[in-house]
There are 2 protein chains.
Amino acid sequence: MNEVEQTIIDAAIKLFSEKGYAATSIRDISKEVNMKSASLYHYIESKKDLLDLIMKRYLTELVEGAKQTLNDLPVDEPETELKNLIKFHVESHGKEKLAALVVDTEYRSLEGESREEIRQLRKNYEKLWQEVLERGKRKGVFDFKDAKITSFALIGLCTGVAHWYRDEGALSLHEIAEQYATLGLKMVRPH
Amino acid sequence: MNEVEQTIIDAAIKLFSEKGYAATSIRDISKEVNMKSASLYHYIESKKDLLDLIMKRYLTELVEGAKQTLNDLPVDEPETELKNLIKFHVESHGKEKLAALVVDTEYRSLEGESREEIRQLRKNYEKLWQEVLERGKRKGVFDFKDAKITSFALIGLCTGVAHWYRDEGALSLHEIAEQYATLGLKMVRPH
DNA sequence: GTCTATACGTCGATAGAC
DNA sequence: GTCTATCGACGTATAGAC
């Protein structure tokens, strides 16, 4: 992956997140990187390929990062695990806000194998959360009815951050992540 | 609004929610309603108009429904208010899932006045939630740091339902709404 | 009200000069 | 590696017959 390729990918992420994949033309992207559209094809195979690459790369980073987060933690502390899972997700969605928006909104633009691949990555990610929730429930530190619904609820909650977070906002990303961790933990704690 | 117009709107909602506004052509919509694309223009002014109408109508329904929900409740019970706000939002997003998806994902496809109008409607809706939250905090039945962030978190949580809910699923929409109300209330209750 | 025909712009992608 | 030129398909929208 050389420098020019990365510039093209960044331009695509910016435009896809602003206008959507379908509404962004290859000519739009080429203008953004000060090239003619024909030149882009020296670096990419197709517009579809560009989306596939972005979705796959960012979602893989999210899944691997979450796995690593859990691995770095002491065993058998589901509350700590959930707290850090939330913080990692929120911070990741704030730092890579534009890519996160693309991943969250362009699943429907994928076709065939790519779509299936992304679907699997998502499922793996949800499973990570569900396992933490189930461990906490067995241990008695969490209380909820359905692990799947609760995982959707928690992930949806954290994903929402990418839709409103701004670097210039009053609260730092770290503070927001802390608040979300508090909110999320309260959601599943017995009372 | 006659029958044919409603059929066209329903077809547009279906296709916009599946493929997105930009990826849906007037010809796609006309095929869905067994017409030629030129005939559609007897009922609509433009493709853009169709989106404006869908976004405005559904979001207005949501805001008005939420206001009505609050009006029907006893005064000075913020917990009851939040519970019913959550249930109304979740049930509305389940019942009109496709329209909800369009509203949630196609804001970026709006331009000019329409965009501003929808932005205002959204703001009004968020304000409803924030007022309930503030009242609860003053009364001491809610505990959270920032009303704006908490309202975003709660609304984002409930909106997520439209992304995974299915009529054929194991849980009824009513049950899901109840679970979400429980989760949401736990999020903001002092412990 | 619904159609056929079509205007005219933009799309993704390619050929081939430099 | 970047360009100009261009292809054929498809986009929204309109004109005008019936």
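Reminder, nothing fancy here: chain letters follow the sequence lines and each chain counts from 1.
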Student: When you compare the side chains of A/E126 and A/S151, does any donor N or O come within less than 3.5 Å of an acceptor on the partner?
Tutor: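 Side chains of A/E126 and A/S151: no pair found under 3.5 Å.
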Student: Regarding A/Y125 and A/H89, do their side chains bring together a donor and an acceptor under 3.5 Å, going by distance alone?
Tutor: yes
Student: Give one of base, sugar-phosphate or nothing for B/S39, where a contact means two heavy atoms less than 4.0 Å apart.
Tutor: base
Student: Output the rounded distance in Å from CD1 (A/I8) to P (C/dG12).
Tutor: 15 Å
Student: Does a donor on one side chain sit under 3.5 Å from an acceptor on the other, for A/D10 and A/T7?
Tutor: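 Note: A/D10 and A/T7 side chains miss the donor-acceptor criterion.
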Student: Separation of A/L51 atom CG from C/dG12 atom P, in whole Å?
Tutor: 13 Å
Student: Counting side-chain heavy atoms from C-beta on, which of C/dT2, D/dC3, D/dT2 comes nearest to A/K36?
Tutor: D/dC3
Student: Report yes or no: do B/E106 and B/S109 form a side-chain donor-acceptor pair below 3.5 Å?
Tutor: yes
Student: Whole-Å distance between D/dG11 P and B/D28 CG?
Tutor: 7 Å
Student: Find the distance A/N2:CG to D/dG1:C1' and express it as a whole number of Å.
Tutor: 11 Å
Student: Assess, by modelled atom type and distance only, whether the side chains of A/N2 and A/Q6 contain a donor and an acceptor separated by less than 3.5 Å.
Tutor: no
Student: Can you sort out which residues in residues 11-19 of chain A have a heavy atom within less than 4.0 Å of DNA chain C? Ascending by number, please.
Tutor: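 When residues 11-19 of chain A is checked for heavy atoms under 4.0 Å from DNA chain C, there are no hits whatsoever.
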Student: Any idea which heavy atoms bring B/V90 and B/A177 closest together, and the distance?
Tutor: CG1-CA, 3.7 Å
Student: Which part of the nucleic acid, if any, lies within reach of A/T24 when heavy atoms closer than 4.0 Å are counted: base, sugar-phosphate only, or nothing?
Tutor: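 Here A/T24 touches the backbone only, sparing every base.
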Student: Without decimals, in angstroms, what is the distance between B/M35 CE and C/dT2 P?
Tutor: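 My rounded result for the distance is 4 Å.
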Student: May I have the distance from A/L40 (atom CG) to D/dT4 (atom C1'), rounded to whole angstrom?
Tutor: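 Roughly 15 Å, once rounded to whole Å.
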Student: State whether a side-chain donor-acceptor pair under 3.5 Å links A/S172 with A/E175.
Tutor: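 The criterion, which ignores hydrogens and geometry beyond distance, is satisfied for A/E175 and A/S172.
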Student: Using a 4.0 Å heavy-atom cut-off to protein, can you give one letter per nucleotide of nucleotides 13-18 of chain C, 5' to 3': B if the base is in contact, S if only the sugar-phosphate is, - if neither?
Tutor: BBB---
Student: Do A/Y21 and A/K47 touch side chain to side chain, with heavy atoms closer than 4.5 Å?
Tutor: yes
Student: Any ion pair linking B/R135 and B/D76 (charged N to carboxylate O, less than 4.0 Å)?
Tutor: no
